[in-house]
There are 2 protein chains.
Amino acid sequence: MSDRSPLSPKGTRQREKILTVALEVFADEGYRGTSLRTVAARCELSLAGVMHYFESREDLLVQILQRRDEVDAAAISAEHPIRDFIAVLEANTSRPGLVELFVTMSAAASSPDHPAAAYFRDRYARIVDELCEFLDQRGDTRPLTDRARDARALIALADGLQQQWVTNRTLSIADEFAYALATHSNGFLRAD
Amino acid sequence: MSDRSPLSPKGTRQREKILTVALEVFADEGYRGTSLRTVAARCELSLAGVMHYFESREDLLVQILQRRDEVDAAAISAEHPIRDFIAVLEANTSRPGLVELFVTMSAAASSPDHPAAAYFRDRYARIVDELCEFLDQRGDTRPLTDRARDARALIALADGLQQQWVTNRTLSIADEFAYALATHSNGFLRAD
DNA sequence: GTCTATAATGCGATAGAC
DNA sequence: GTCTATCGCATTATAGAC
């Protein structure tokens, strides 16, 4: 989907390394401050060397987000997913560059052919599925369509709060989210 | 804040006309398809003629959003604000270009010095105030800080759903929003 | 086959004539 | 207040060099 050609084992490792480094660079220096040349320098590669592993700049940026999703997912336990998710929200706040990258890509996703569009489609679908499954295990017996609505609302709440945080960084996304859940959720989504 | 100099009555009318036309052009032809030269042509002006009234392209774009806010606000009655707001959400769906403009500007707002940053700060603050006032009139006796949390959550829900809609245009923002309100709100925010 | 160097296009922005 | 003309910049397409 993103490779120019089948990658050798070494190539795969290189790409992984680039993604890891790029994630850190954007987290440390902010979205707007960072060019791909900076990322390349930190990888001890040229710009061309970096671009060899990605179709385009946008493609690389999207893969950084995918990588963050993987890291975040690993921080969410089966026992206390809501509590853990709130912790992830809180942690993201201390990495503004990644949040900026996220909101920038989510705007870019409004072009259906932008690589970010496919990423967000898949991401939303996956999270909705996971949340529906979680609700089911919690004993939510409503039809799947209703559980899916709850899932989408939950994601919307988190994303929307993040958007507000971008222009008002004194806001605590985690507190706001937890309050809304505590005072308005129908029970299945209460903090665990 | 945005004018180069005090405007004559005619100048004010011209600027209003440009904003009205620009709103329609972006609504009709989408955000990405439209250049300021296109807007200018529809106004029967040159690019320079349009730019005379705005500090920059970004400034014009933000003022288009402000204009839409005014139009939307006029569609919300004191009697049934929630019901009317849901109708506005639904109506926006038929003007994808404006939604794209909104999400694009909300990403741009992550630069604190971008004109969109001030716009969103003010907009969030204003809507939160209005919603707090509304909750108060509805008999919500919680402290202001808690009502403000509800207000922010409501805005987040609407914005977040809009963001999902951008990548999945089969979603009905209005239905999703109404469902969440009906099944999870604490009562003061039930549809009216 | 890959990278690079150049050309062509279209954009927002600005200067100066009227 | 509006125009023409032009600038610098970014993106895209092309083509040649390795």
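In what follows, chains carry the letters A, B, and so on, assigned in the order in which the sequence lines appear, proteins first and then strands, with residues in each chain numbered from 1. Because the structure is predicted, anything quoted here is derived from the model rather than measured.
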Check each residue of residues 34-42 of chain B for a non-hydrogen atom within less than 4.0 Å of any atom in DNA chain C, then write out the ones that pass by number, or none.
->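 Result for residues 34-42 of chain B: B/S35, B/L36, B/R37, sorted by number.
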
Cut-off 3.5 Å, side chains only: do B/S111 and B/D113 have a donor facing an acceptor?
->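 B/D113 and B/S111 do not have a side-chain donor-acceptor pair below 3.5 Å.
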
Short side-chain donor-acceptor distance under 3.5 Å, B/Q66 and B/E70 =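 No, no side-chain donor-acceptor contact under 3.5 Å.
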
Which residue, B/G11 or B/L47, contacts DNA chain D at a nucleotide closer to its 5' end, judged by nearest heavy atom?
-> B/G11

5′-ward residue of the pair B/T12/B/A48 relative to DNA chain D =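 So the residue in question is B/T12.
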
Geometric class of the A/F26/A/Y31 ring pair [parallel <30°, tilted 30-60°, perpendicular >60°] |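 If you compare the ring of A/Y31 with that of A/F26, the planes turn out parallel.
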
Flag yes if B/V88 and B/L181 sit in one hydrophobic cluster, no otherwise; membership is Ile, Leu, Val, Met, Phe, Trp, Tyr, and two members link when side-chain heavy atoms are under 4.5 Å apart.
-> yes

Distance, nearest 0.5 Å, that separates CG of A/L144 from CG of A/L135 =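 So the CG of A/L144 and the CG of A/L135 are separated by 10.0 Å.
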
Rounded to the nearest angstrom, tell me the gap between atom [atom1] in [X] and atom [atom2] in [N].
X	N	atom1	atom2	result
B/M51	C/dG16	CE	C1'	17 Å
B/L60	C/dA13	CG	C1'	13 Å
B/D59	C/dG12	CG	C1'	13 Å
B/H52	C/dA13	NE2	P	15 Å
A/E55	C/dT2	CD	P	12 Å
B/Y53	C/dG12	OH	C1'	19 Å
B/K10	D/dT2	NZ	P	5 Å
B/E58	C/dC11	CD	C1'	12 Å

With Watson-Crick and G-U wobble geometry limited to distances under 3.5 Å, how should the secondary structure of DNA chain C be encoded in dot-bracket form, using | for bases paired to another strand and [ ] for crossing pairs?
-> ||.|||||||||||||||

Looking across every strand, which nucleic acid part, if any, lies under 4.0 Å from B/L45 by heavy atom: base, sugar-phosphate, or nothing?
->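 B/L45: backbone/sugar contact only, no base atoms under 4.0 Å.
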
A/E100 with A/R95: basic N within carboxylate O range, under 4.0 Å |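 Here A/E100 does not pair with A/R95 in a salt bridge, since their nearest N and O are not under 4.0 Å apart.
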
side-chain contact (heavy atoms from CB on, under 4.5 Å) between A/Y124 and A/D159: does it pass, once the steps are laid out?
-> CA-CA 11 Å; A/Y124 286 135; A/D159 288 350; 3.3 Å; yes

Locate the shortest heavy-atom distance separating B/R57 from B/M51; write the atom from each residue and the value.
->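 So the two residues come closest at N-CE, 4.0 Å.
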
Mind listing the closest non-hydrogen atom pair of B/L157 and A/A156 along with its distance?
->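 Closest approach of B/L157 to A/A156: O-CB, 3.7 Å.
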
